[in-house]
Amino acid sequence: MTPLEELRHSGSHILATALLRLFPDAKLDIGPPTDTGFYYDVDLDHKLTAEDLLRIEAEMKKVVDENQPFVRKEASRQEASDIIRSRGQERYKLGRLADIPEEEKISFYQNGEFMDLCAGTHVRYTSKLKAFKLLSIAGAYHRGDEKNKQLQRIYGTAFPTKEELARYLDQVEQAKQRDHRKVGKDLRLFVIDEDVGQGLILWTPAGSIIRQELQNFISEELRKQGYSQVFTPHIGKLELYKISGHFPYYKESQFTPIVENESLARILGEGCSCADMVARLDAVSARLAGQINERTGRETVTADRIKPDEQLLDGFMLKPMNCPHHIKIFASQPHSYRDLPVRLAEFGTVYRWEQSGELNGMTRVRGFTQDDAHLFCTEDQVAQELLGCLSLVNTVLTTLGMNDYRVRVGLRDPDSNKYTGLKENWDKAEAACREAAKTLGVAFKEEPGEAAFYGPKIDFVVQDVIGREWQLGTVQVDYNLPIRFDLTYSGADNQPHRPVMIHRAPFGSMERFCGVLIEHFGGDFPVWLSPEQVRLVPVSEKTLDYARELLGALKAAGVRAAIDEHNDKLGAKIRRSEVEKVPYALILGPKEAESRSVSIRSRAKGDEGSAPFEQFLPRLSQEIRSRALSEKRKQP
RNA sequence: GCCGGCUUAGCUCAGUGGUAGAGCAUCGGUUUUGUAAACCGAGGGUCGUCGGUUCGACCCCGACAGCCGGCUCCA
């Protein structure tokens, strides 16, 4: 344990000490340190309130002042069990005791009257906890399993000094100012309307400009890399998703199917309730999943194996992924090995049923647009194509200055049967991902259980302002869908061969990416992305005509500009431009009008002095065209 | 979905069992302004929705919806 973890871990023991003084009935579970502090999970009938938190914190202060030593005591398994029982903590602690492997030593740590089963280590005295704060109460399932009882989790944090604690709390406060939900509202980038629905993003004009610029950017890169652009509809027949496997494997995450009118009339005629309908859909998917699982590793299900009697209901599904549609475009004509790779790209909108408690601004939504593409290639081409995809992701992130990401290679969970396809192919695909990730030149972590149901993937993961991780770009190797859809191409030997598919989305979804991007820039977008690039600020009405003339010139040059026509003093107009995060304000007074110049005020540098408009415009155009990153904002 | 908290004007937020207030924004006027907030005035809310308690509810109780923080989930 690092010294900081030790301090925080001791914090959680002190928390428990104080808690038991105030609530002797509390049953303790576990209290580990975290990246940012510590918590303790407790089972307590009394619902803890914010006021309780203050009382507990005050009691913790007393424990600290009592300067209790932390003392380690080793015990045999039987002794340990006795200690736990004698303290009335058997409800969870006995289970935790049972988790300790046979060969490991069992230890307790005691401070004052409190004693806890604990491997350690701890600071020497409670007085070491000089700077701490309890932060919040939340529900947390015992052992992280939603089938178990939900306990109350008390979060807190601790630092070696009061200054560091204050700095941390200040940082958290600063971060909240960058929250994309706040900035998005302030700058009017997007809205979510409860009548439209939770998790459904409405892109306002300003936000749409950012999205459009990003899409233009990525489209340019796709043209360079030989992609073809396609368009497909937002729904597909249930049949399609039975073949793809989404229907059985992905059921929990999908919107309820749109049942065809005739089908609906038929089952309603049979007296089916809504519940019956759902049950029937469940029966179909359960049967399909069962059939597929039996065959995993030996046989596979292809289109012709779906039996007619399994089509109990006809209807459509809102597409949860774009791949089946793209596959059908690929399959619509015969392919030669000479055609490959075929790369089909689409900004494709998909819909997924996320639990209401999981929705979050733009980063976790129910409808989103992926910058998606599917590559159909020969097995020999997989490595090369993977590199191309990773280089694309790299270009994207570099251009936006987003260097703060981690790479995750998502592999199968060895204990799960939620995957489709042959073991050999999974092995090949996982090896390909691993190899490709190595070429990135950045550290990556292999994580079992993070694969898609059809194949392993390489994900790019970033953190939001409050430290939550979000997956953005993703590249996935897939040997399975080509089999399920019986895709083939003619090889040099004039025999049919199975292509390999690569799924990839450098941004992941436009919604999530923009959410993270808003936080990344704190709303101070580079000029090429800024909804308003130049604010024309006449010093008074007297120079309004000059401003209008320049507005025309800027618009003709493709620059997004606007005039501040408010009847305010200059300072107020400057302030408005700053608050609205416009990268350039051009101050236009009589001097400027006279000399055909502009007084430039940039978000980054403040007052830059005057320059002829004829010099400013090319400089601006170049900055936009090159998609330059802006210098950091000058603090007022 | 689960636990807890929250919901008052476009935004940020006060407020009391006797049907509401500030700042900013908006609109009108005065001012004609030189690098982060000129001045005066006006309009704007069935206090999230629906029920209940009460002579009377924005306030107390309940349900629902939405939001926020966690947990679970994220193929």
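Throughout, a chain's letter reflects where its sequence line sits, starting with A, and its residues are numbered from 1.
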Hey, are [X] and [Y] close enough for a salt bridge, meaning a charged N less than 4.0 Å from a carboxylate O?
{"X": "A:Glu594", "Y": "A:Lys591", "value": "no"}
{"X": "A:Arg601", "Y": "A:Asp607", "value": "no"}
{"X": "A:Arg603", "Y": "A:Glu631", "value": "no"}
{"X": "A:Arg406", "Y": "A:Glu447", "value": "yes"}

Integer-rounded Å distance: B:rU35 P and A:Lys569 NZ = 10 Å
A:Tyr584 and A:Phe616: ring-ring contact (aromatic ring centres under 6.0 Å, His included), yes or no, with the steps?
-> CA-CA 11 Å; A:Tyr584 287 106; A:Phe616 172 75; 5.6 Å; yes
Of the nucleotides [options], which one has an atom closest to the side chain of [X]?
{"X": "A:Asn567", "options": "B:rU33, B:rG70, B:rG34", "answer": "B:rU33"}
{"X": "A:Glu541", "options": "B:rU30, B:rU32, B:rC71", "answer": "B:rU32"}
{"X": "A:Ile587", "options": "B:rG34, B:rU32, B:rA37", "answer": "B:rG34"}

When rounded to the nearest Å, what value does the distance between [atom1] atoms of [N] and [M] take?
{"N": "B:rG44", "M": "B:rG10", "atom1": "P", "value": "12 Å"}
{"N": "B:rC50", "M": "B:rU16", "atom1": "C1'", "value": "24 Å"}
{"N": "B:rG69", "M": "B:rA63", "atom1": "P", "value": "24 Å"}

Which residue, A:Phe513, A:Phe460, A:Trp470, forms the ring-ring contact (aromatic ring centres under 6.0 Å, His included) with A:Tyr405?
-> A:Phe460
Whether each nucleotide of nucleotides 2-10 of chain B has a protein heavy atom under 4.0 Å at its base (B), only at its sugar-phosphate (S) or at neither (-) is summarised, 5' to 3', as BBS------
